[in-house]
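Below is one structure, written out as structure tokens; the observations come after it.
Just so we're clear, the structure is a prediction, and the values are computed from it rather than from any experiment.
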Amino acid sequence: NLIGEPVSIKHQRKYLLDLSNSDLSFLDEDNSTKIDITQYYLNATPKAETRVRVREYNGDKTYYLTVQLKGLKGKSSVLTEKKLSPKEFSKLLSKYKNSDFVNKVRYSFAIGKIYYRLDLFQDGTAILEVSPSTELDNVVLDSRLKVIEDVTDNPYYDNHVIASLRKSNKKRVKECC
């Protein structure tokens, strides 16, 4: 996109889950999709990020380059979303050998008209992303999912922050950002 207009604008809410008190058994049913994701951050700030991602589903890998601007209240504007060949992915990643990265397992599912993505990180963090059908929709969460707090506008729970803490082996501290 040459003029900098967003390819897409998404609105989502993010919630930190208490895994020890959540019942995730429904994720093994036919209504959810499990994808392994590794994201490498080529450039990341609280307001924008450039990342490459490898997604693995049923043994098949796909590669993407994404540039997005982050706004308040869960809004982000994707400026570039490009599918990459494995060769393009490796070449781009080789230029950023010391990139922060994060591994996670993502479960995607819908309940009613609401689309959910549950990201389970290696450090035990569980973030539920909810995409209401409109900005005005009240988000009603499934009673099997126990929410600790709404972290939509908390940069401490951005993926690139989780990646940088993983790289430096730092413990999470709420004042990180």
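- Within the 4.5 Å cutoff, the side chain of Val147 has no heavy atoms near those of the Leu128 side chain.
- What you find for Gln39 and Asn159 is that their closest heavy atoms are NE2-ND2, 3.4 Å.
- Here the OG1-CD distance, from Thr66 to Glu81, works out to 3.5 Å after rounding to the nearest 0.5 Å.
- Rounded to the nearest 0.5 Å, atoms CZ (Arg106) and CD (Glu56) are 15.0 Å apart.
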Inset, instruction - Could you check Leu24 against Leu145 for side chain to side chain contact (heavy atoms under 4.5 Å, CB included), going step by step and ending with a plain yes or no? - result: CA-CA 7 Å; Leu24 303 180; Leu145 303 172; 3.5 Å; yes
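- Nearest heavy atoms, Val161 versus Pro155: CG2-O, 3.2 Å.
- Ring orientation note: the planes of Phe26 and Phe109 are nearly perpendicular, at an angle over 60° on the 30°/60° scale.
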Legend entry - Intermediate values then yes/no, side chain to side chain contact (heavy atoms under 4.5 Å, CB included), His160 and Arg51: CA-CA 9 Å; His160 75 272; Arg51 69 174 185 242; over 6 Å; no
Inset, instruction - Quick one: do Thr62 and Lys83 satisfy side chain to side chain contact (heavy atoms under 4.5 Å, CB included)? Show the steps, please. - result: CA-CA 8 Å; Thr62 51; Lys83 193 170 183 179; 3.9 Å; yes
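- Hydrophobic clustering, with ILVMFWY side chains joined whenever heavy atoms are under 4.5 angstrom apart, groups Ile162 together with Ile148.
- For the residue pair Tyr157 and Glu149, the shortest heavy atom distance occurs at OH-OE2, 4.2 Å.
- Across all non-hydrogen atoms, the minimal contact from Asp18 to Ser20 is OD1-OG, 2.7 Å.
- Using a 4.5 Å heavy-atom cutoff, the side chains of Leu141 and Tyr116 are in contact.
- Classification of Lys61 and Asp36 as a salt-bridged pair fails, no side-chain N sitting under 4.0 Å from a carboxylate O.
- The closest side-chain heavy-atom distance from Ile127 to Leu16 is below 4.5 Å.
- Between Glu88 and Leu65, the closest side-chain pair of non-hydrogen atoms is not below 4.5 Å.
- Not one N or O on the side chain of Ser108 forms a donor-acceptor pair closer than 3.5 Å with the backbone of Arg117.
- Hydrophobic clustering (side-chain heavy atoms under 4.5 Å, transitive across Ile, Leu, Val, Met, Phe, Trp, Tyr) keeps Tyr64 apart from Phe89.
- No donor-acceptor distance shorter than 3.5 angstrom exists from the side chain of Lys87 to the backbone of Leu84, with no hydrogens or angles considered.
- When each of Val105, Leu118, Leu120 is tested with Leu27 by the rule side chain to side chain contact (heavy atoms under 4.5 Å, CB included), just one qualifies, namely Leu118.
- Atom-to-atom distance recorded for Tyr107:OH and Asn31:CG is 12.5 Å, nearest 0.5 angstrom.
- Contacts of Ser90 classified as side chain to side chain contact (heavy atoms under 4.5 Å, CB included), with partners at least two apart in sequence or in another chain: none.
- Here the closest heavy-atom approach between residue Lys14 and residue Asp150 is recorded as O-OD1, 3.2 Å.
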Inset, instruction - Could you walk me through whether Tyr41 and Glu49 pass the side chain to side chain contact (heavy atoms under 4.5 Å, CB included) test, one step at a time? - result: CA-CA 7 Å; Tyr41 294 90; Glu49 71 182 31; 3.7 Å; yes
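- Under the 4.5 Å side-chain contact rule for hydrophobic residues, Phe101 and Ile35 do not share a cluster.
- Hydrophobic clustering (ILVMFWY, side-chain heavy atoms < 4.5 Å, transitive): Val54 and Ile37 are in distinct clusters.
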